[in-house]
There are 6 protein chains.
Amino acid sequence: MRILIANVNTTASMTDAIAAQARRVAAPGTEIVALTPAFGAESVEGNYESYVAAVAVMETIRAYEGEYDAIIQAGYGEHGREGLQELFDVPVVDITEAAAASAMFVGHKYSVVTTLDRAVPLIEDRLLLAGLDRRCASVRASGLAVLDLERDPDAAIERIVEQAVAAVEEDRAEAICLGCGGMSGLTQRVIERTGVPVIDGVAAAVCLAEGLVRQGLSTSKSRTYAPPRPKQFKNWPPRS
Amino acid sequence: MRILIANVNTTASMTDAIAAQARRVAAPGTEIVALTPAFGAESVEGNYESYVAAVAVMETIRAYEGEYDAIIQAGYGEHGREGLQELFDVPVVDITEAAAASAMFVGHKYSVVTTLDRAVPLIEDRLLLAGLDRRCASVRASGLAVLDLERDPDAAIERIVEQAVAAVEEDRAEAICLGCGGMSGLTQRVIERTGVPVIDGVAAAVCLAEGLVRQGLSTSKSRTYAPPRPKQFKNWPPRS
Amino acid sequence: MRILIANVNTTASMTDAIAAQARRVAAPGTEIVALTPAFGAESVEGNYESYVAAVAVMETIRAYEGEYDAIIQAGYGEHGREGLQELFDVPVVDITEAAAASAMFVGHKYSVVTTLDRAVPLIEDRLLLAGLDRRCASVRASGLAVLDLERDPDAAIERIVEQAVAAVEEDRAEAICLGCGGMSGLTQRVIERTGVPVIDGVAAAVCLAEGLVRQGLSTSKSRTYAPPRPKQFKNWPPRS
Amino acid sequence: MRILIANVNTTASMTDAIAAQARRVAAPGTEIVALTPAFGAESVEGNYESYVAAVAVMETIRAYEGEYDAIIQAGYGEHGREGLQELFDVPVVDITEAAAASAMFVGHKYSVVTTLDRAVPLIEDRLLLAGLDRRCASVRASGLAVLDLERDPDAAIERIVEQAVAAVEEDRAEAICLGCGGMSGLTQRVIERTGVPVIDGVAAAVCLAEGLVRQGLSTSKSRTYAPPRPKQFKNWPPRS
Amino acid sequence: MRILIANVNTTASMTDAIAAQARRVAAPGTEIVALTPAFGAESVEGNYESYVAAVAVMETIRAYEGEYDAIIQAGYGEHGREGLQELFDVPVVDITEAAAASAMFVGHKYSVVTTLDRAVPLIEDRLLLAGLDRRCASVRASGLAVLDLERDPDAAIERIVEQAVAAVEEDRAEAICLGCGGMSGLTQRVIERTGVPVIDGVAAAVCLAEGLVRQGLSTSKSRTYAPPRPKQFKNWPPRS
Amino acid sequence: MRILIANVNTTASMTDAIAAQARRVAAPGTEIVALTPAFGAESVEGNYESYVAAVAVMETIRAYEGEYDAIIQAGYGEHGREGLQELFDVPVVDITEAAAASAMFVGHKYSVVTTLDRAVPLIEDRLLLAGLDRRCASVRASGLAVLDLERDPDAAIERIVEQAVAAVEEDRAEAICLGCGGMSGLTQRVIERTGVPVIDGVAAAVCLAEGLVRQGLSTSKSRTYAPPRPKQFKNWPPRS
């Protein structure tokens with residue numbers, strides 16, 4: 001099967017990292033196609049950038065000409081998943097939700113450790129909308145920007161571990177979701193330091209997407225995600 | 001004071017209707033400036049169109065060169081309000097939330113009557129995110145498309161009244177929010193038929209925005225709605 | 001328009017302070033009539049006093065012989081708003097709810113800073129009943145009695161600021177409601193120290209009441225707030 | 001032990017009926033003292049009357065000169081219980097809450113069948129405040145006024161049974177609370193017709209109050225229900 | 001009346017302590033019959049042991065040949081209550097729920113202080129299922145194993161008091177439930193140190209069970225707790 | 001990898017059907033080992049049987065001598081999953097939760113269609129505990145006993161389809177979970193009649209379990225699911 005995995009920012013090296021992480025966990029026979037949006041911000045760290053990313057991911061997948069069996073949106077706490085479900089028939093998996101849903105199978109409560117403080121409410125809101133909030137112990141920020149993770153991973157891991165430990169000890173989390181597409185690869189080191197299962201959203205999303213495809217499930221078109229009605233659009237989509 | 005009120009679709013006659021409704025309720029001294037997005041769909045009736053509208057409204061207001069004291073997003077159940085709050089300092093009022101918040105002051109529970117069935121989950125989700133869901137008795141659809149409201153208002157009102165009556169009698173609503181920017185003007189007739197207060201989102205939003213400005217309140221910049229960080233954008237915003 | 005604003009205690013100087021604050025924010029053409037209850041406690045700081053205040057406010061407004069367009073109950077976390085809605089047709093706005101509803105338009109979460117610790121559960125209960133609790137980050141007490149605010153405002157402000165800062169930093173509030181009618185006037189100084197929007201309940205209530213009147217909305221009489229049925233009363237209301 | 005049970009209206013025959021019902025279930029050695037408020041309405045069917053009843057019950061018990069071990073407030077969905085807890089040290093049991101708490105021990109979900117439609121939101125609000133709402137399947141109204149129950153019990157029972165059956169069959173209630181002090185005595189007949197346990201609030205409250213006293217429990221005075229602070233009152237309590 | 005009270009572990013001295021505590025509070029005329037399961041663990045401190053205890057209690061009561069009017073399950077946070085309700089007609093009272101329901105009548109919020117940290121989620125889950133969670137301020141662990149309570153009560157009480165004080169001061173509890181069957185007898189000393197009401201689950205359950213019996217209430221057989229359907233069992237119940 | 005899938009009843013033909021369904025969806029290289037409990041009921045349709053099944057599944061897996069990578073509990077709405085997580089290190093997936101978690105990725109709301117009416121509260125309770133209830137539109141019963149499904153599948157499907165259609169049209173479900181291990185195989189026919197995705201719990205659980213294993217995740221041992229402490233057991237486990 002072929003899974004499209006869309007980065008939400010325009011930094012190609014991030015797309016590559018996401019693709020590599022996805023391939024590590026993908027089953028034999030699963031082809032991972034990673035896409036970088038044609039427009040948008042170099043990193044997504046707030047609502048404005050996230051809304052632009054949402055439509056950028058939608059248009060990028062609309063423009064993709066091959067066939068595919070599932071779509072993964074690889075941004076943490078980002079807008080847009082509902083639009084993808086509406087536009088396409090295949091299953092759509094958001095990494096925020098995939099991580100949370102997986103965490104709930106291995107721990108009684110889970111926490112998310114993300115980058116900047118300002119991302120916390122976005123993630124909380126997405127978990128609330130997804131109905132995955134009841135067993136969320138906390139969403140904690142390491143204070144790192146997305147691109148810091150690429151630039152200095154060694155310093156980054158210390159800050160992330162610190163918050164993960166606090167989530168386990170103070171918030172009573174029994175599993176940790178690494179709350180940023182760019183944190184792929186830090187999983188093992190956080191496990192060593194906290195002793196609890198650590199979920200990488202990209203890996204969780206790949207496994208969930210594969211499973212949905214294998215079950216023959218696709219997005220329900222009965223109401224919320226029915227195909228868009230025929231409409232006149234003005235100046236859209238943007239010409240690149 | 002000057003209030004920008006942004007239509008979410010590209011149909012100028014809808015913008016005019018919204019502006020007229022806003023002006024009817026605006027206080028003396030309030031100038032209403034109604035804006036039509038430079039790109040997007042002729043009507044917004046689903047997630048894809050709503051996400052495009054979200055960024056279109058943001059860019060339209062960014063491109064506006066005058067001064068203003070508050071922003072109203074005049075789409076019912078639409079995405080994007082958080083992005084506006086992040087981009088601008090002035091108060092931002094979404095008509096979905098304005099109507100619900102107002103309804104809660106005049107009735108113990110309220111219902112929303114909207115257009116198409118597919119809009120119901122979007123409105124429910126926005127009310128959940130806004131924290132205004134506890135006293136929402138129901139969100140009901142009349143089955144009408146947004147543009148039907150313009151084309152045949154007489155037929156439309158019957159369908160809307162029917163759902164409003166059901167909301168009052170079956171769902172125990174004590175106030176009704178008319179859940180579509182295009183329903184402005186039907187208010188009085190629905191009141192006559194249901195006997196309960198009927199809230200028009202545009203009117204509610206204008207009054208709330210004026211009140212926030214008069215109180216000297218502006219959007220908190222402490223966390224969720226902090227200004228976007230400096231970023232490199234690729235191919236954005238689109239050139240018209 | 002004329003708005004009645006009822007103090008909940010019998011201290012006339014508090015009524016005057018409330019009236020002054022209301023007039024500062026009222027639109028041109030809005031007349032503020034401030035009422036002091038004919039019976040009850042010199043300050044209201046608990047359930048017994050609050051229940052007496054509830055009926056005192058009701059009887060005071062029943063005894064008012066002029067015309068008016070809206071009623072404001074100017075007590076924080078007090079009982080009684082539902083009774084006013086039942087007795088009168090005009091919109092009734094409670095300052096606790098007005099402040100919370102306004103705060104939700106300018107911040108993702110809000111906190112209330114009130115006087116005594118014992119007031120905290122009362123305010124929490126009123127926000128729960130009003131359906132405005134989901135985005136309440138915390139209700140915090142400064143430890144000051146209502147009358148302390150009048151006697152030594154300079155000492156009071158330090159204690160209030162301290163709690164407001166804790167609400168922002170620890171509880172993640174993005175806006176602060178000053179949770180006592182007597183705190184009117186401290187707003188500006190708390191803004192300077194916390195950097196987040198600070199909502200004064202009296203000001204918020206005046207703006208909301210004006211807006212409801214301008215929209216032509218009045219209290220729904222369909223069920224919860226239907227007029228009292230004709231009844232025989234014994235020894236009530238009390239003769240002054 | 002001696003239990004004070006306060007009717008919320010001024011109709012002495014209702015007080016007598018409540019007392020009789022209380023005595024039927026009271027343990028040997030429990031003395032039931034039933035009190036009729038010195039002021040207020042002949043029956044309580046809405047917020048205004050309920051708020052007056054709240055203070056009337058408080059003053060009636062304050063004026064009672066004997067000793068007692070517990071207080072029962074025998075009105076369904078009425079205001080005031082928190083004030084009694086604040087004024088007195090002995091356990092205070094509200095019949096709405098006593099019925100709900102008892103129902104939860106004998107059925108997975110329960111419903112309340114009350115008198116007038118307008119009482120429904122009051123009861124829902126009290127259950128929400130009490131934290132006893134999660135397993136409440138519904139609150140249903142028979143459409144009968146309180147005094148109808150006294151005047152024509154045979155006609156009344158049909159209407160009540162009809163709603164009780166609907167609660168069991170449609171709302172999935174597994175136990176029924178009779179939601180009015182005046183319904184005491186109908187219990188057995190509703191059981192026969194529905195086949196589920198039927199809880200009378202007065203009986204439930206007597207048993208709960210006796211149990212709290214036997215456990216040596218009294219109202220916590222640590223915060224919410226701390227004794228009123230010393231205050232100056234104006235024109236209160238009313239002279240009879 | 002006769003009440004069966006079932007210990008959940010196989011330690012007979014614990015059964016004796018529970019019986020003694022039950023008898024101290026039981027009304028004259030109430031006979032307490034304490035039962036020790038025929039199989040299971042010496043103490044129950046986790047899900048596996050709790051599930052075994054659940055069926056052990058069920059089989060122990062099924063094997064009891066006398067008559068009885070109510071059943072108490074005397075384990076804190078344990079599984080199994082629903083099974084007892086299904087098997088037997090008489091009221092079934094779980095001490096976790098009895099304590100919580102009683103606490104809610106004497107304080108605005110309550111906390112539970114239990115033994116090991118691992119018991120916390122079990123208790124939280126049972127309170128959630130029972131619909132008694134909204135006013136639970138916290139569940140705190142003293143870090144003591146069940147059998148430590150028997151071995152060194154003096155050391156144990158210090159640890160328990162410490163958590164109770166923290167619950168009152170930090171979590172704003174106004175009443176404390178002692179969250180372990182084996183804590184019976186520590187009640188008085190915790191009261192002295194915290195100043196708030198302390199509820200012993202066994203005492204609360206006895207009073208509640210007596211009250212349900214006196215009201216003539218028994219478990220609803222309409223749906224969830226209908227008697228088991230006739231079935232073939234293999235190798236069950238186990239032969240002792 | 002090897003996945004143990006435990007039937008909850010002692011009917012071997014049901015185990016075979018579950019195994020067949022699991023193998024249909026299992027990835028190449030996944031070995032399915034289906035286990036029938038050594039003791040318990042021929043079908044599980046209520047709390048007593050479910051509690052016995054819970055310990056029977058635990059003991060059956062404890063007695064299994066081979067190696068394995070994950071455990072699936074193949075009973076709908078049954079007790080016991082927490083005990084398995086405590087006893088074993090590998091991921092444990094309950095089919096009720098697996099179906100719900102999967103449904104949430106393909107529809108905005110989902111419903112469960114189960115067998116007997118009495119199973120509805122059990123399923124609701126398990127979804128509540130699992131934190132998967134917010135987007136559950138309804139749990140509906142077809143009125144069929146578990147063994148009816150085996151005996152007369154043609155008649156059964158009509159009843160199930162009827163409820164599924166009602167869930168979609170009345171309760172607004174956008175996906176349907178078939179709520180009984182024995183419904184495996186009806187999936188396709190329900191899809192044809194309802195037009196929405198239909199999730200089989202066994203298939204969902206297999207895919208989820210495989211995914212968790214591929215991610216290297218195992219049950220968190222930090223608190224709730226820590227291994228049982230060393231204990232003396234009396235007469236347990238039962239000798240077969």
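On a predicted model such as this, the values are computed, not experimentally measured, just so you know. Per chain, numbering begins at 1; letters A, B, ... match sequence-line order.
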How many angstroms lie between atom CG of C:L87 and atom CG of D:N47, to the nearest 0.5 angstrom? 9.0 Å
Can you tell which of D:L128, D:L84, D:D125 has the highest number of heavy-atom pairs within less than 4.5 Å of chain C? D:L128
Proximity breakdown for C:E86 and chain D, heavy-atom pairs closer than 4.5 Å: side chain
Here the gap from C:L129 atom CG to D:R126 atom CZ, rounded to the nearest 0.5 Å, amounts to 8.0 Å
Check whether C:A54 gets within reach of chain D through its side chain, its backbone, both or neither, counting any heavy atom under 4.5 Å. side chain
Of D:P121, D:P37, D:S50, the largest count of non-hydrogen pairs under 4.5 angstrom with chain C goes to D:P121
Say whether C:E82 and D:Y51, considering side chains only, have a donor N or O and an acceptor N or O under 3.5 Å apart. yes
Do any N or O atoms from the side chain of C:R118 and from the backbone of D:P227 form a donor-acceptor pair under 3.5 angstrom? yes
What orientation do C:W236 and D:F39 show, parallel under 30°, tilted 30 to 60°, or perpendicular over 60°? parallel
Largest heavy-atom contact set with chain C, pairs under 4.5 Å, which of D:D117, D:T10, D:V120: D:D117
So, D:Y48 versus C:F88, ring centres under 6.0 angstrom or not? no
Where on D:Q85 is there a heavy atom nearer than 4.5 Å to chain C: the side chain, the backbone, both, or neither? neither
Residue part contacting chain D, namely of C:V55, when any heavy atom lies under 4.5 Å: side chain
What option among D:E124, D:M58, D:H79, D:Q232 has the most heavy-atom pairs under 4.5 Å with chain C? D:Q232
Between D:A38 and C:N235, the two heavy atoms sitting closest are O-ND2, 2.7 Å
So, are D:E42 and C:K231 salt-bridged, with charged N and O less than 4.0 Å apart? no
